[in-house]
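Scroll down for the structure; my scribbles are underneath it.
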Amino acid sequence: MSVISLDELVARIADGALLGLPSDRRGVAMAATRALLRRRPRGLRLYNMPTGGMQTDLLIGAGAVAEIETSGVSLGEFGAAPRFARAVTSGSVVIRDATCPAIHAQLQAAEKGVPFLPIRGLIGSDVLTHRADWRVIDNPMADAGDPLVLLPAVTPDVALFHVALADRDGNVWVGRERDLVTLAHASRTTLATAEKIIDGSLYDDERLAAGALSNFYVSAVAEAKHGAWPLAQPGLYEDDADAIAAYASAAKSDEGFAGWLAEHVFASRQAAQ
Amino acid sequence: MSVISLDELVARIADGALLGLPSDRRGVAMAATRALLRRRPRGLRLYNMPTGGMQTDLLIGAGAVAEIETSGVSLGEFGAAPRFARAVTSGSVVIRDATCPAIHAQLQAAEKGVPFLPIRGLIGSDVLTHRADWRVIDNPMADAGDPLVLLPAVTPDVALFHVALADRDGNVWVGRERDLVTLAHASRTTLATAEKIIDGSLYDDERLAAGALSNFYVSAVAEAKHGAWPLAQPGLYEDDADAIAAYASAAKSDEGFAGWLAEHVFASRQAAQ
Amino acid sequence: MSAYRPEELLIAVIARLLAGTRHVAMGVASPIPGSAALLARDQNGGLPRVSILGSPRHTFWSDGGKELFDCAAQGRIDAFFLSGAQIDGQANVNLVGIGDGYPQQKVRFSGSFGSAFLYFMVPRVILFRPDHDRRVLVRKVDFISAPGVSEPGVHRPGGPYALVTGKALFLFDRAKQRFRLESVHPGVSIDDIVANTGFDFDRPAQVPVTPAPDAATLALIRGPIGREIAEAYPQFAADILGIRTAA
Amino acid sequence: MSAYRPEELLIAVIARLLAGTRHVAMGVASPIPGSAALLARDQNGGLPRVSILGSPRHTFWSDGGKELFDCAAQGRIDAFFLSGAQIDGQANVNLVGIGDGYPQQKVRFSGSFGSAFLYFMVPRVILFRPDHDRRVLVRKVDFISAPGVSEPGVHRPGGPYALVTGKALFLFDRAKQRFRLESVHPGVSIDDIVANTGFDFDRPAQVPVTPAPDAATLALIRGPIGREIAEAYPQFAADILGIRTAA
C-alpha cells in the first residue's frame, strides 16, 4: 500500500503545491520530476533546501512553477541555470531570495511547531530588505541594542526526494542526508523514490535504523532505478557529466530547451525513466 | 592521541564544570562516572538531557554536585532517586526544574549559536514561575495576544556519554541516539567512552557514517567495556536489574549509600570498572 | 462474565477512550496505557499507531528525544498519558513535590518531565492514576507541573480529556473547567468516590457502571497484546497478564 | 624561480592567509581555495582542519547542511571563502544580479547562498575572484547579498579579511571600512590595478610584489595536494595540476 508506481506517486502532487526539494546530488528525484512533468503540472511553488539545480531549472523551464524560494539556483560546474535566470529576469516566476541557514531555520521552525526561529546575520543584506515576512526585533533576552532576525515557519505541502533504499512498509533510508529528515519532518507529507525496495524492515538492522526515516512521515514510495539520473546519488553513483552538460547547453535557448524536453521527458516513457 | 585512558578522560572534567549527560539507557558513561568519583570532584553542575537516573543520583549522593537542571530524576521501574530527593528537600543542591522539550531547545539554541529559541506550552506551569531565566513575550510574528516562552541557549562545558563504537581518530558512533549529537554540538567539548575501539574509520562505511559523530566535537575517547553497567546500552545489553535494584535499596539510607560507594566505586579499580 | 484483573479492566477502559485516534504516544513506565493503546489498535483495524518510548519495536523516532515533542507540537500525536502525584479538580498535575517552600518541600518526586509541554499540545491527554484517594486527588495541587486549563489567548490545542483511576472514569469538561464522573468501576459505590476524591466534580443523576471487559477483549489482552507489550514491559506482562518470555 | 601557473600562485597566496587557523571551510566549486587550505594544513603541521562541502573525505558533517552554519555561528569555523559577481570598496558582495529593478534585473546570477550569514560569523572571510576588472570590482554593488560592514550593535564576530584576485592581494581594514592593496602579483603594475579597480583603496608608498611559490610549495601542490583535491575536483586536478585519476 505504501509502495506505488511512479505515475501514482507524482499524481499526489497537486497543482499549486508548495514542494520541498533537496539540493542537487543530495537525493534529487529526477525520474519523478520527469514523470511529474508528463502530467503537465501548473503553479508549483518550489522550496529549495537550500539550493536548486537542474531539477529546478527544468521545472521552471517547463512552465510548471509560479514561485520559488531559494538560496541559489545553478548547475554548479556545468554553469548557470538558464531557465531560472530567464524566468526571474522576465518576471514570469516570483522569486523569494533567501540564504541557506534561513531556509534550514524556517523548516526547523515548522519541524518544531513554533511560529518562528531567530537567526543571526542578514542585517544589512538586500536579501532581508526584500523579505516582508522576515522581521528584525531587538533580542528580548539581552539588555538592549541587539537586533536579530526572526524567520517564520515554512511548511511544504509535499517533500519529494530520492533515496538509496526503502522497505515495503514505506520506511526510507536517508543515511547521512539529514536534510531529508528535516525536510520530511517539516512537510505535511513526503513522497520518495528509492533506488531499491528491500524486503524486511530498515529498523531490523541498527546500522540502517540510524539512517532511517519512518513511514510515519512518508506517505508513499515508488521504485526508481537510477532515479536521480543524470544527477549523482550519494554513495551510489556520480553525475552523468555528459548528460548534464548537454542539458546546460540545450537550456540556453528556448528551442534547445524545448528539444531537450521533447526528447528526455515526453518522447517515450522508457527513455524518460 | 584521541584515545586515552579512563582516568585521563575524567581528569579533563574540572570541578564546577557544567556537565551535559544523557538519560538512563541512552548511553550513560557509568564506568567513567565511577572513575570520576574516585578523583572526588566538587561543585559539578549537571544538565540532564532531558532526565537523570542512577548516574545523577550517584553523583549527587557522593557530594559532587552543586546544581542540577533536569526534567526529572528517577530510577524508573526501580523507584525514586533517593539521593536526589534528599538533596533537593534539604537544599544541599540547587535545582532548576525544567521540562523535556525545553531542555532540548536550550541545547538546540546553543547548537545553532542563537541566544534563544521559542517554545509553546509552559504558561501557567510553576516550572516556568520558578525560572527567572525563561521569558514570556508576545509573539512578534503574530498580530497580537499570542504569548510564548523564550528559552536561553545553554552550553555545557563538557558532554559525557558512552557509545558502542569509536575509531582511533576519536570519531564515535551514536547510531540512532541523536540526542548525543545535539548534546555534543551544543557543548564546548565532548568526552566519550566506547564499548569498543575499532581500526579504520567510521566514515569508511556509509551505513556507520550515518550514525557517526566526528572527532571535530569529541576531544577524547576512552575504551570502557560494559561502560554503561549496570545500565542498559542501546543495542548492546540490557539493564543489570539486580545491580540497579541493589543500588536503589542501598541509596535509601545514608549508611546504605556509603556502603554502596565504598564497594562499587572506591573498593578497587578492578571491581569498580 | 469472565473473571478479570483490575489492570485488565483499566486497559479496556482506556482503549475505549482512544477510539478514533490516529497516533497515540506514551512515556516510560506505562504498561497499562501501552497495553490499552495496542488493544485500541487491534480493535479498530490498525489505528492508532502506537509509540512507546523505550521500545525499539514501537518507536519510529530516529531523531532523538526531541522528535516526540516536535511531533506533538505539530499535531501529529492525538493522545498521550500523564500521571500525577497530585491531581486537582481543575486537572492541574503535580509531579514535583508535596508541601510548601518549593524547592525544599516535604516530599520530592522525580520532576515534571514533558508534562508542561505535552499537556498543551496533545488533544486527548488521559490522566491515569490507579490510586484513588484524597492524597492524590486533591482540591489544589502544591505545585503545578502542568496546568489543566489556560487563559484565553494561550496557544493550547491540547489538554485534559479524561481521568482514569482504579475506582472510576471521569471526563474533563473544558468549558466548565471541571471533571464529570462518567462511570464507576464494578463494585465501587458513589459514596466511595465522593469520600475518596478531594475535589468537587459533576455527575449525572444515575452514574453508570464501567463495562467489564468481555471474553474477546480479555483474550486479546492475554494473548497477542500481552506478548507484544512484553517487549517493553516483561515484568508487567509476566506478573499481570501471565505472559512468559524467553528473555 | 620555477615556472608556475596562475592558479598555483593563487593557491600559495591564499594558503598564507590561512596561517594560524584551526578550521577552514568552503562551499562547492572552490578548487583553488580547497587546494590552498590543504596546502596551509600541510605547511602548518596538520592545522587547519579542512572541510570541503561535497567531498565525503573532507566533510565530517553528518547532521545535514545546517551543520556548517551552526558551526559558523558557534565560532567553530575560522576561515571561509566568498566570491561575488560584484564586489565593492566596502566589501559588499553581490551574488544575485546586475542592474536595477530587482528581481527583474538585466542579468540574474545564482543567488546569495550562505553569504548573508557566513559573512557575519566567520572571522576570516576571504573574497576570491580571479577576474580583476571594473565589471567585477565596482564602486557600489547593485544588490547586497552580504554587507562588508555593519552598524555598531549588530552581532558580527566575522567579516571580510582579504580580497584575492588574479592581479593582486588586498586586505580589508575593518576600522576604515576600506581595502588596502597588500601586494601585486608578479608582472602586474600598480597602474594596471588602478585602471581595473572600480573602487578607491589604500596602498603603501611601495607596493610589494606577491611572492611566487617556491619549488617545495609547487611540489606539494602538484603532488599530494593535487591528488587529494582530485577527489572533489577531478577536472581541476587534471587540467591545472596535471593529476590523472582512475575515475
Side-chain angles (χ1 to χ4, degrees), chain B residues 22-23 25-26 48-52 70-74 76-77 80-81 84-91 93-95 97-105 107-108 119-130 139 144-148 176-183 234-235 238 241, chain C residues 27-29 31 54 56 59 61-70 72-73 92-97 99 101-121 141-158 233-236 247:
Chain B
S23 296
R25 301 165 189 83
R26 306 261 66 90
N48 287 161
M49 186 195 189
T51 61
T70 189
S71 303
V73 181
S74 129
E77 57 181 304
F84 161 77
R86 174 74 57 96
V88 172
T89 53
S90 73
V93 161
V94 173
I95 183 156
D97 268 292
T99 183
C100 305
I103 291 276
H104 288 285
L107 291 176
Q108 287 186 280
I119 190 170
R120 292 296 196 181
L122 279 70
I123 294 169
S125 164
D126 285 337
V127 171
L128 175 63
T129 312
H130 291 280
N139 176 5
D146 180 22
L148 51 71
R176 287 173 80 175
E177 302 299 324
R178 304 291 304 178
D179 283 354
L180 303 182
V181 173
T182 308
L183 186 57
E238 300 296 321
Chain C
V28 290
T59 304
W61 288 306
S62 55
D63 202 27
K66 63 181 181 296
E67 196 173 356
L68 161 70
F69 303 104
D70 290 351
N92 295 309
V93 167
N94 174 9
L95 292 158
V96 161
Y102 171 88
Q104 291 180 250
Q105 294 171 280
K106 202 172 68 196
V107 180
R108 168 75 202 200
F109 300 114
S110 311
S112 302
F113 295 100
S115 65
F117 183 80
L118 294 171
Y119 212 20
F120 288 77
M121 296 302 161
V141 296
D142 291 347
F143 184 100
I144 301 176
S145 285
V149 298
S150 295
E151 297 289 318
V154 172
H155 178 78
R156 183 156 197 178
Y233 305 107
Q235 207 65 41
F236 172 82

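Keep in mind the model is a prediction, meaning the values are calculated, not measured. Here is how names work: the chains are called A, B, and so on, in the same order as the sequence lines, proteins then strands, and each is numbered from 1.
Without hydrogens or angle criteria, B:R178 side chain to B:L180 main chain gives no donor-acceptor distance under 3.5 Å. The closest donor-acceptor contact from the side chain of B:D97 to the backbone of B:V127 lies at 3.5 Å or more, if one exists at all.
Among C:G111, C:S115, C:A116, the residue with the largest count of heavy-atom pairs under 4.5 Å with chain B is C:A116. Heavy-atom pairs under 4.5 Å with chain B were tallied for C:F143, C:F113, C:Y233; the largest tally goes to C:F113.
Contacts of C:R156 classified as salt bridge (Lys or Arg N to Asp or Glu O under 4.0 Å), with partners at least two apart in sequence or in another chain: none. Residues passing the side-chain contact (heavy atoms from CB on, under 4.5 Å) test with B:D179, sequence neighbours excluded: B:M49, B:H104.
Of the two parts of B:S23, neither the backbone nor the side chain holds a non-hydrogen atom closer than 4.5 Å to a non-hydrogen atom of chain C. Looking at C:V149, neither its backbone nor its side chain comes within 4.5 Å of chain B, counting heavy atoms on both sides. Neither the backbone nor the side chain of B:E238 comes within less than 4.5 Å of any heavy atom of chain C. Of the atoms belonging to B:P50, not a single heavy atom falls under 4.5 Å from chain C. Residue B:T70: no heavy atom, backbone or side chain, is found under 4.5 Å from chain C. The contact between B:R120 and chain C is made by backbone and side chain atoms together, counting heavy-atom distances below 4.5 Å. Heavy-atom distances place the side chain of B:I119, and not its backbone, under 4.5 Å from chain C. Interface remark: B:A98 contributes backbone atoms only to the contact with chain C (heavy atom separation under 4.5 Å). Interface remark: C:S145 contributes backbone atoms only to the contact with chain B (heavy atom separation under 4.5 Å).
Taking 4.5 Å as the limit, every side-chain heavy atom of B:N48 sits out of range of all side-chain heavy atoms of B:S71. Between C:F120 and C:P147 there is a side-chain heavy-atom pair separated by less than 4.5 Å.
Residues B:S74 and C:S110 come closest through the heavy atom pair CB-OG, 3.3 Å. Closest approach of B:G124 and C:I144 over heavy atoms only: O-CG2, 3.6 Å.
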